[in-house]
Amino acid sequence: MHCWSKLFIPTLREAPSDAEVASHKLLLRAGYIRQLGAGIYSYLPLGQRSLNKIIAIVREEMDQIGQEFLLPALNPREVWEESGRWTGMGDNMFRLKDRKGAELCLAMTHEEVMTSIARNELRSYKQLPQIWYQIQTKFRDEPRPKSGLLRVRQFIMKDAYSFDIDAAGLDASYNKHDTAYRTIFTRCGLDFVAVEADSGAMGGSQSQEFMVYTEAGEDLIASSASGYAANLEKATSKLAPVEDLAPTSDTPELVHTPGFRTIDEVGAFLQTKPHHQLKTMAYIVEHPESDAKQLKVVGKTRAVVAFLRGDHQLNETKLSAIALGQLRPMTPEEIADTFHAPAGYLGPIGLEAAPHPRKPGVLVVLDAALEGRTNLIAGANKEEYHLRNVTPGRDFKPTVIADIRNINEGELDPIGGEPLRLGKAVEIGHIFKLGYKYAESMGATVLDKDGKATTPIMGSYGIGIERILTAAIESSAAKFAAESATEQYALPPAIAPFEVIVTITNVRETELLEAGEKLAKELDAAGIDVLLDDRDERAGVKFKDSELIGVPYRINIGKKLAQGQLELVDRLNQTTVDLPLDSITTHLISLLAASKQ
RNA sequence: CGGGGCGUAGCGCAGUCUGGUAGCGCACCUGGUUCGGGACCAGGGGGUCGGAGGUUCGAAUCCUCUCGCCCCGACCA
């Protein structure tokens with residue numbers, strides 16, 4: 001049992017001005033953390049208690065499927081050379097030299113170390129599968145640490161690696177992690193979604209990110225009630241059908257549109273809807289040096305033209321995936337070169353499209369939403385003129401047809417047809433099928449049934465420990481902000497530093513003090529993690545402090561004690577009830593049990 | 001790395017433009033009153049004004065350099 005009067009809980013009335021996001025301010029104010037440098041934090045007792053609880057849950061679930069290691073954070077250059085990541089990681093890796101001048105790094109992840117153990121020790125398919133995990137501090141020299149514990153240079157990560165004899169084995173290991181992660185995040189009280197992520201270079205490989213919606217997040221995701229979830233860079237949607245315009249002739253027809261350039265202006269002038277228009281966007285792609293093939297074929301830079309429905313937005317990431325390089329908008333001169341017309345009057349007709357993405361010429365991409373549409377309004381590539389009756393396929397042929405638009409909130413997901421929710425999110429976990437990359441480059445093999453050397457196939461699985469805490473605070477703070485316009489939060493009991501706080505409203509009244517101490521002992525004996533606020537402070541101060549540290553339940557010992565009553569404040573549901581002294585422990589036990597079911 | 005902002009007491013800030021040797025609120029210490037929503041009165045302690053150099057009789061204030069932190073972007077798990 002812990003008494004506040006003896007603990008180090010340095011709460012602040014005001015947040016340091018450096019803090020921007022809610023969780024950062026609250027973690028500082030509540031005395032969970034203190035900053036030592038950019039992206040470097042000390043975890044104070046309260047923060048440490050909470051993180052320990054998260055780690056305990058992670059460990060419990062991971063022990064169901066794997067075995068725990070603890071690996072060195074300090075790694076010699078050699079292992080990272082072998083995997084090719086000594087250079088591959090670039091400036092993101094912290095590097096140092098020892099007294100002899102040997103080069104070392106602070107590990108960002110542990111594929112190399114794990115694979116080197118596997119290489120040295122695993123001999124036979126009979127030893128597979130293996131799932132090895134650890135909970136360790138990782139170091140990343142982030143270009144821009146920010147948002148308190150959300151993006152830091154030193155953080156605790158649970159990382160796991162699986163070794164299997166074949167793809168079917170990897171599937172099984174991957175699925176075990178998927179299940180374990182869902183259990184872990186649920187037990188931590190998080191409302192999360194699993195997002196299909198980029199499948200990477202290896203064909204058929206799979207990857208999933210576990211995300212929590214929060215405004216403080218850095219990723220944009222879309223999800224729906226049917227279980228569909230995707231990064232905005234990947235997300236697609238089912239569109240409601242739209243009526244095409246009636247043709248005024250069988251061929252495109254010039255319309256004089258003096259001074260009308262934007263979708264809205266042209267739409268208003270021609271009395272049509274934005275979705276009747278074809279929008280033209282012009283970019284230049286700069287191919288990276290590494291894409292030698294592309295450079296050879298089409299040169300270092302290339303014109304890229306995208307056609308979208310008038311009311312849709314381009315997703316540059318999707319387009320850049322097709323264009324194979326970084327995009328930048330065309331300059332007016334480049335536009336003139338390509339279209340022989342000024343911006344505002346660009347269109348598809350008369351534009352010479354490359355016959356194939358890998359062939360020279362202008363890369364013309366038609367958004368899939370325009371496939372099958374007819375009689376669109378488009379720029380005429382002639383100043384002050386647009387065209388009507390433009391029909392893709394008949395009047396012009398793009399290089400490729402592909403999904404290159406951003407989806408919008410409320411559109412229907414492609415699998416279940418449920419409305420999509422769009423928002424910022426923070427990644428708390430990531431599982432993916434690595435394939436042979438590390439085992440192969442580092443020369444790990446085992447003998448298969450036929451006595452033949454075989455490269456094991458690997459998976460890699462991470463969880464950001466601090467991000468679980470941060471995401472929980474952000475979620476709760478957002479809820480409080482919406483409901484009461486206040487900056488506060490309450491943590492799920494499973495990961496709160498204490499499950500309940502017993503607040504003695506006035507320790508100078510002996511009856512209150514004794515009743516509080518007795519109750520706290522009783523709760524403690526019942527296995528509840530209790531904090532007794534026995535400080536000689538005014539009640540208001542103690543109430544505020546109890547809220548600041550995010551403890552989900554508070555028992556007020558005060559005036560009503562004379563009638564044998566106590567108050568139980570449920571901060572998760574924002575309710576207060578009076579309960580008889582002798583029933584409070586059982587009541588709380590059932591509340592806690594319900595919260596952890 | 002590009003753009004912007006900020007470094008003055010533990011925290012939040014004023015003072016900088018127009019140089020004259022540092023102030024307010026909270027927190028902290030002592031005494032008293034108060035005691036269910038961040039009390040009140042009285043007294044008190046605490047600051048290399050981020051650092052270095054320069055200008056000046058005199059620099060928190062002006063000039064040069066430098067370090068750090070935050071935000072937007074780029075980048076990145």
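Throughout, a chain's letter reflects where its sequence line sits, starting with A, and its residues are numbered from 1.
At the heavy-atom level, A:D91 lies nowhere under 4.0 Å from the strands shown. Here A:R554 lies in heavy-atom contact (under 4.0 Å) with a base.
In this structure, B:G12 and B:C24 make a Watson-Crick or G-U wobble pair, each of the two defining distances being under 3.5 angstrom. The partner of B:G47 is absent, by the rule that a Watson-Crick or G-U pair needs both atom distances under 3.5 Å. The base-pairing partner of B:C1, taking Watson-Crick or G-U wobble contacts with both distances under 3.5 Å, is B:G73.
Note on ring orientation: taking the six-membered ring where Trp is involved, the planes of A:Y174 and A:Y461 are tilted (angle from 30° to 60°).
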Footprint string (nucleotides 67-75 of chain B, 5' to 3'): B base within contact, S backbone only, - free, heavy atoms under 4.0 Å: --SSSBBBB
Contact letters for nucleotides 27-34 of chain B, in which S counts primed atoms plus P, OP1 and OP2 and B counts the base, heavy atoms under 4.0 Å: S------B
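Side-chain to base pairing of A:D219 with B:A77: one donor and one acceptor N or O lie within less than 3.5 Å of each other. Judged by atom type and distance alone, A:N506 does not reach the base of B:G36 through any side-chain donor-acceptor pair under 3.5 Å. Interface remark: the A:R29 side chain does form a donor-acceptor pair with the B:G38 base, using a distance-only criterion of under 3.5 Å.
For the residue pair A:H177 / A:Y133, no side-chain donor-acceptor distance below 3.5 Å is found, with atom types taken as modelled.
For residues 23-49 of chain A, the set of pairs meeting the salt bridge (charged side-chain N to carboxylate O under 4.0 Å, His left out) definition, not counting sequence neighbours, comprises A:K25-A:E487, A:R49-A:D529.
For the pair A:R535 CZ and B:C35 C1', the interatomic distance rounds to 14 Å; values are reported in whole Å. We find that CD1 of A:I549 is positioned 15 Å from C1' of B:G38, with the value rounded to whole Å.
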